[in-house]
Amino acid sequence: MALVRPGEGDAPEHPVAPWDDLQMTYAEDLPELVLWWQGDEVPRPELAVLNEDLAAELDMSVEALRSDDGVGILSGSRAIEGTGSAALAYAGHQFGQYSPRLGDGRALLLGELVGPDGRRLDLHLKGSGRTPFARGGDGKATIGPMLREYVIAEAMHALGVPTTRSLSVCTTGESIPRDRVEPGAVLARTAASHIRVGTFEYAVRVGGDELVRRLADYSIVRHHPLAAQEQEPYRAFLAAVVEAQAALISRWMLIGFVHGVMNTDNMTISGESIDYGPCAFVDRYDPDTVFSSIDHGGRYRFGNQPSVALWNLSRLAETLLGLLSDDEEEAVEVATAELRRFPELYELQWRTGLAAKIGFGSAPVDGPLLEDLLEVMKADGLDWTSTFRLLADELRQADEQLVSVSTGEPILDWKARWIEALEAEGRPLREAADAMDAVNPLYIPRNHLVHEALEAANEDDLAPFGELVERVTHPFTPVPGADRHAAPAPEEFASVFRTFCGT
């Protein structure tokens with residue numbers, strides 16, 4: 001089946017079960033990159049969490065999703081009549097080391113749906129059982145990591161960060177042995193697609209330039225259609241992915257997000273965030289922050305994420321060399337020229353975003369003013385998220401709230417320069433404060449609150465999780481009585497907190 005170009009697909013009738021009109025254009029166009037597979041049967045599938053807002057956006061029938069058939073499909077234990085599910089093949093560099101065959105070891109693509117706006121989205125499961133890509137794992141997932149991905153993905157969406165979306169979490173009735181025995185669970189998510197840098201790394205190994213060309217053609221139609229109109233479409237495709245990733249990583253940095261496992265198989269061609277495993281959010285600002293228990297060298301530390309993104313993009317460019325030119329030297333020059341754009345694109349968006357976080361409009365901001373703020377925040381151990389809201393409060397009432405969370409004098413010196421610069425721009429201070437509150441979240445999935453919610457969920461109490469989801473999906477609006485959701489983690493928690501690649 002030919003892929004319907006974005007905007008050309010007919011939207012489904014309203015509302016429908018999401019599996020009624022599923023397509024499999026990726027599997028049909030690129031059969032070398034999929035393995036048809038069915039999820040494991042589970043003893044007692046039950047719906048734990050359903051994202052009814054996302055269902056409504058996509059005109060999905062909530063009634064169908066909550067039905068026995070729906071829960072069976074969302075848990076991976078029931079096949080979709082008339083179609084099939086598939087595990088996706090990909091390779092990847094993990095912590096810089098190449099793995100030639102990774103793939104969906106515990107995940108399945110149920111198919112593609114076309115939303116009311118014509119967007120094509122994957123419907124995908126995680127934790128649905130072993131596939132031949134499992135590499136020794138049991139293919140299962142537990143409720144904690146699946147709820148973690150649910151809440152982080154929805155928070156990222158609310159913060160305006162391109163991301164996969166969480167549709168549901170189903171429990172399976174199984175007890176899964178990890179460090180302790182935990183309830184089994186399956187996540188269902190939507191994504192622009194699951195095409196990764198690692199997908200191209202796999203394609204070039206198993207099918208050479210011909211398969212890479214077909215994968216690139218499919219990716220262009222689905223994600224970067226303007227590239228098809230260019231004289232050099234594959235160069236334009238690489239440029240579009242570079243631009244998408246520069247925008248994505250700058251947004252990560254502006255909200256203090258640490259992905260934790262930026263392997264090439266976790267970087268999408270679409271520019272969406274994906275696979276929220278050992279991720280976390282910075283409390284006290286420090287570019288060397290590492291949360292992942294397996295990142296011993298700090299490769300994926302907070303401040304290194306832009307450099308890692310460029311390294312990953314370089315691996316993508318290597319797979320495209322045969323498409324960029326018949327002359328190898330020229331192909332390398334073309335790829336290098338596009339990759340060199342990444343630091344400039346990233347820096348522009350990072351600095352523009354940081355300037356907006358402290359109340360400036362479109363006018364250029366004095367470089368040292370931004371850099372000095374970061375130095376003060378690091379030296380004084382200031383909380384990344386709350387500091388910007390406190391600065392906005394200072395513009396409104398000229399109090400000294402920041403002094404109570406800093407060593408005092410450095411932030412006061414910087415504040416005087418900051419207010420002087422705002423006044424020189426001619427922007428009323430209260431207007432600047434309101435603009436700051438529009439881009440600086442009050443509520444994020446703070447690490448200690450996520451931990452608390454997941455621990456409760458392991459004891460069959462989803463109330464803390466539900467409250468957390470409600471807060472982080474409305475991140476900019478103060479809620480009376482919700483102060484604890486805006487407060488930094490206690491020092492005794494922050495100093496020992498680590499994340500794990502949960503299965």
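- Expressed to the nearest 0.5 Å, how far OG1 of Thr352 lies from CZ of Phe360 amounts to 12.5 Å.
- A donor-acceptor contact under 3.5 angstrom links the side chains of Ser386 and Asp383, judged on distance only.
- Electrostatic pairing of Arg180 and Glu455 counts as a salt bridge here, judged by a charged N lying under 4.0 Å from a carboxylate O.
- In this structure, Gln349 contributes its side chain and Arg251 its backbone to no donor-acceptor pair below 3.5 Å.
- A distance below 6.0 Å separates the ring centres of Phe95 and Tyr300.
- Taking the six-membered ring for Trp and thresholds of 30 and 60 degrees, Tyr218 and Tyr26 have ring planes more than 60 degrees apart, a perpendicular arrangement.
- Centroid-to-centroid, the aromatic rings of Tyr202 and Tyr90 stay 6.0 Å apart or farther.
- Counting only heavy atoms from C-beta outward, the side chains of Glu318 and Arg315 approach each other to under 4.5 Å.
- The heavy-atom pair separating Gln38 from Gly76 by the smallest distance is NE2-O, 3.0 Å.
- For the residue pair Trp37/Ser85, the side-chain donor-acceptor check at 3.5 Å is not satisfied.
- Ring geometry, Phe497 versus His451: the interplanar angle exceeds 60°, so the pair is classed perpendicular (tilted spans 30 to 60°).
- Between Tyr443 and His485, the two ring planes are perpendicular [angle over 60°; tilted spans 30° to 60°].
- Ser193 and His223 share a side-chain donor-acceptor pair at under 3.5 Å.
- Tyr285 and Trp384 have tilted rings, their planes meeting at an angle from 30° to 60° on a 0 to 90° scale.
- Closest heavy-atom contact between Glu149 and Ser166: O-OG, 3.5 Å.
- No more than 12 heavy atoms of other residues, nucleotides or ligands lie within 6.0 Å of CG in Asp460, so this atom counts as exposed by the packing criterion.
- In this pair, Phe257 and His259 present their aromatic rings perpendicular. The plane angle is above 60°, beyond the 30 to 60° band.
- Side-chain polar atoms of His194 and Arg189 form a donor-acceptor pair below 3.5 angstrom.
- Using a 4.0 Å cut-off between charged nitrogen and carboxylate oxygen, Glu491 and Arg284 count as a salt-bridge pair.
- Counted by atom type alone, Glu201 and His93 present one or more donor-acceptor pairs between their side chains at under 3.5 Å.
- Less than 6.0 angstrom separates the ring centroid of Phe200 from the ring centroid of Phe237.
- Here the two rings, on Tyr150 and Phe465, have centers that are under 6.0 Å apart.
- Atoms CG and CG, from Leu88 and Leu109 in turn, are 5.0 Å apart once rounded to the nearest 0.5 Å.
- Side chains of Ser168 and Asn51 form no contact here, defined as non-hydrogen atoms less than 4.5 Å apart.
- The CD atom of Glu57 sits 5.0 Å away from atom CZ of Arg165, with the distance rounded to the nearest 0.5 Å.
- Ser99 OG to Asp265 CG: the interatomic distance, rounded to the nearest 0.5 Å, is 8.0 Å.
- Side chain of Thr164 to main chain of Thr190: no donor-acceptor pair is present (N/O by atom type, distance under 3.5 Å, no hydrogens or angles).
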